[in-house]
Amino acid sequence: MSSAVSVTFVVMAGGKGERLWPLVRANRPKVCLSVDGQRSLIEATLQRLRLVWPAAQCLVVTTQGQADLVRAALPAALRQSVIVEPQAKNTAACITLAAVALGARSPQRIMVVVPADHWVGSTSQFQKTLRCAIRAAVAYDTIVTIGIPPKAPHPGLGYLCTGARLEGFRSSAVFQMERFIEKPSRQQASELIRKPQTFWNSGIFVATADKFLEYAHEWLPDNTRRLARLGKLLARYRTPVEAMATPSILMRVKRTYQALRSVSFDRGIMCHLRQGLVVQGDFPWADLGSWDNWVKAAPNACRLVNVESGNITAIGREDHLVAAVGVRNLLVVHTANATLLCHPQKAQAVRDLVKRLARNEDLARFL
């Protein structure tokens with residue numbers, strides 16, 4: 001099958017990373033951070049993908065404000081594979097733009113949409129699972145996502161409720177998707193993980209370009225109609241990247257984006273989808289979108305001394321010491337000019353803090 005199926009990895013690298021402040025700043029995008037101190041998140045993502053489908057192409061989608069920084073973080077061979085959204089309009093717009101760009105010349109091309117900011121603990125198992133997802137998308141002509149068996153209730157993630165297991169897939173378990181629940185309350189999440197065959201949403205989506213567009217037309221018709229008008233223009237060029245580098249096309253894309261509604265692919269499409277499939281991902285995984293997940297994957301580089309304290313996590317430079325006396329349940333993130341103190345269960349609220357900083361003229365310089 002690998003020789004007959006055309007595949008493009010669409011790597012989403014435009015996230016603001018607001019919940020990882022103060023480590024993420026305007027001049028340091030989240031995907032350029034490193035968990036292991038050796039490779040950036042986007043480098044690690046591309047290395048994982050390299051052997052999944054050796055003949056696959058790659059398309060990196062980022063936003064105007066961080067395009068230069070993302071290109072600089074890429075291997076030289078991939079710096080010409082970047083398309084730039086003129087402004088951030090969330091993942092539904094990102095994925096639909098990629099589907100329009102690829103589908104203009106090859107509507108049956110398989111798109112493998114992968115976030116650039118995830119941690120994976122077993123590359124070989126990840127690759128096996130993703131190959132299975134590609135085969136399932138070809139066989140059933142629908143959107144396939146990878147579900148992670150949940151370890152604990154997490155209100156910052158989406159949940160996949162599945163039904164019958166499908167026959168014919170040996171390498172990984174494949175299920176029919178019955179319901180997609182985006183970011184439930186902590187109580188709802190606790191109830192969901194007690195149900196059998198319920199998974200965390202990994203944010204990885206696999207389908208043909210025209211299938212992505214079909215569902216986008218159904219559930220986000222206004223956005224999709226606007227973006228679909230670009231298809232004929234993009235088809236005149238050899239690659240989407242070449243087209244998007246043309247000033248007249250870029251101006252048209254900018255005007256189109258100004259009218260788009262900002263909505264995630266999860267809320268805009270997946271919450272409505274009933275015909276999808278879920279491949280069980282049996283590999284260590286974390287969405288590094290917030291500090292509570294980051295600390296599970298990243299080494300604790302900051303020196304920490306506890307006295308009559310407990311459940312303290314400190315992140316920062318190795319030459320900096322954090323001393324805790326008589327406190328519990330505290331996350332400390334230290335940088336050169338800003339320090340975050342946060343309860344571990346309130347990590348999602350760091351985004352609200354960033355919005356407050358942005359509204360204050362004196363404090364916005366710390367973003």
Side-chain angles (χ1 to χ4, degrees), residues 1-13 35-36 38-39 41-60 75 78 95 108-151 157-177 180 193 196-209 211-212 270 276-288 293 296-297:
M1 177 183 290
S2 59
S3 60
V5 177
S6 298
V7 174
T8 294
F9 295 116
V10 177
V11 180
M12 297 189 293
V35 171
D36 58 12
Q38 300 176 5
R39 304 168 299 169
L41 293 177
I42 193 167
E43 287 178 306
T45 299
L46 293 169
Q47 287 179 15
R48 284 196 299 273
L49 295 174
R50 185 175 55 188
L51 297 179
V52 172
W53 213 265
Q57 298 176 3
C58 188
L59 194 66
V60 178
L78 288 179
I95 293 172
Q108 290 303 305
R109 175 171 288 274
I110 292 287
M111 285 173 47
V112 180
V113 178
V114 181
D117 58 354
H118 289 181
W119 171 82
V120 170
S122 172
T123 297
S124 60
Q125 186 63 39
F126 168 86
Q127 292 168 339
K128 182 175 72 171
T129 303
L130 194 50
R131 281 192 289 269
C132 179
I134 294 171
R135 290 192 290 268
V138 172
Y140 285 85
D141 191 26
T142 189
I143 292 179
V144 180
T145 188
I146 293 176
I148 308 297
K151 305 297 187 297
L157 298 174
Y159 287 74
L160 303 161
C161 301
T162 65
R165 179 172 177 173
L166 302 183
E167 301 294 333
F169 297 96
R170 296 181 180 178
S171 59
S172 301
V174 181
F175 303 91
Q176 293 178 343
M177 191 182 79
F180 185 107
I193 66 172
Q197 295 178 193
T198 297
F199 303 95
W200 283 335
N201 168 39
S202 70
I204 298 172
F205 304 106
V206 184
T208 60
K211 186 57 65 173
F212 275 112
M270 293 303 295
L277 301 180
V278 177
V279 179
Q280 180 170 326
D282 293 317
F283 48 84
W285 171 90
D287 177 353
L288 302 179
N293 278 339
K296 297 174 184 177

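Not measured: the values here are computed from a predicted model.
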Trace of the side-chain contact (heavy atoms from CB on, under 4.5 Å) decision for Ile42 with Val60: CA-CA 10 Å; Ile42 193 167; Val60 178; 4.1 Å; yes

Trace of the side-chain contact (heavy atoms from CB on, under 4.5 Å) decision for Phe169 with Val279: CA-CA 10 Å; Phe169 297 96; Val279 179; over 6 Å; no

Any side-chain heavy-atom pair of Val278 and Gln197 under 4.5 Å: no

Any Val174 side-chain heavy atom under 4.5 Å of Val144 side chain: no

Spacing of CD1 belonging to Ile204 relative to CE belonging to Met12, to within rounding of 0.5 Å: 9.0 Å

Side chain to side chain contact (heavy atoms under 4.5 Å, CB included) partners for Arg165, two or more places apart: Ala173, Phe175

Non-hydrogen side-chain atoms of Pro149 and Gln280 separated by less than 4.5 Å: yes

By side chain to side chain contact (heavy atoms under 4.5 Å, CB included) - contacts of Ser171 (at least two apart): Lys128, Cys132, Arg135

For Val35 against Ala297, the heavy-atom pair lying closest together: CG1-O, 3.2 Å

Straight-line distance of Thr145 OG1 to Asn201 CG, nearest 0.5 Å: 4.5 Å

Spacing of Leu277 atom CG and Leu160 atom CG [to the nearest 0.5 Å]: 11.5 Å

Nearest non-hydrogen partners of Gly281 and Ile148, listed with the distance: O-CD1, 3.8 Å

Euclidean distance, Asp36 CG relative to Leu41 CG, rounded to 0.5 Å: 8.5 Å

Aromatic plane relationship, Trp200 with Tyr159 - under 30° parallel, 30 to 60° tilted, over 60° perpendicular: perpendicular

Spacing of Phe199 atom CZ and Leu157 atom CG [to the nearest 0.5 Å]: 14.5 Å

For residues 109-120, run the donor-acceptor check on the side chains, cut-off 3.5 Å, and write out each pair with its distance to 0.1 Å, sequence neighbours left out.
| residue | atom | partner | partner atom | Å |
| --- | --- | --- | --- | --- |
| Arg109 | NH1 | Val7 | O | 3.2 |
| Arg109 | NH1 | Thr8 | OG1 | 3.1 |
| Asp117 | OD2 | Lys30 | NZ | 2.5 |
| His118 | ND1 | Ser202 | O | 3.3 |
| His118 | ND1 | Trp285 | NE1 | 3.3 |

Considering all heavy atoms, the nearest Arg48-Thr123 contact: CG-OG1, 3.9 Å

Interatomic spacing from CD1 in Ile134 to OG1 in Thr129 - rounded to 0.5 Å: 11.0 Å

Where Phe180 and Met270 come nearest, the two heavy atoms and their spacing: CB-O, 3.2 Å

Pairing residues for Leu51 by the side chain to side chain contact (heavy atoms under 4.5 Å, CB included) criterion, not counting sequence neighbours: Gln127

Exercise: identify the closest heavy-atom pair between Asn293 and Leu288: O-CD2, 3.8 Å

Residue pair Leu46 / Cys58: nearest heavy atoms and the distance that separates them: CD2-SG, 3.7 Å

Contacts of type salt bridge (Lys or Arg N to Asp or Glu O under 4.0 Å), residue Asp141, not counting sequence neighbours: Lys211

ring-ring contact (aromatic ring centres under 6.0 Å, His included) involving Phe9 - partner list, sequence neighbours excluded: none

4.5 Å side-chain heavy-atom contact, Phe212 and Val10: no

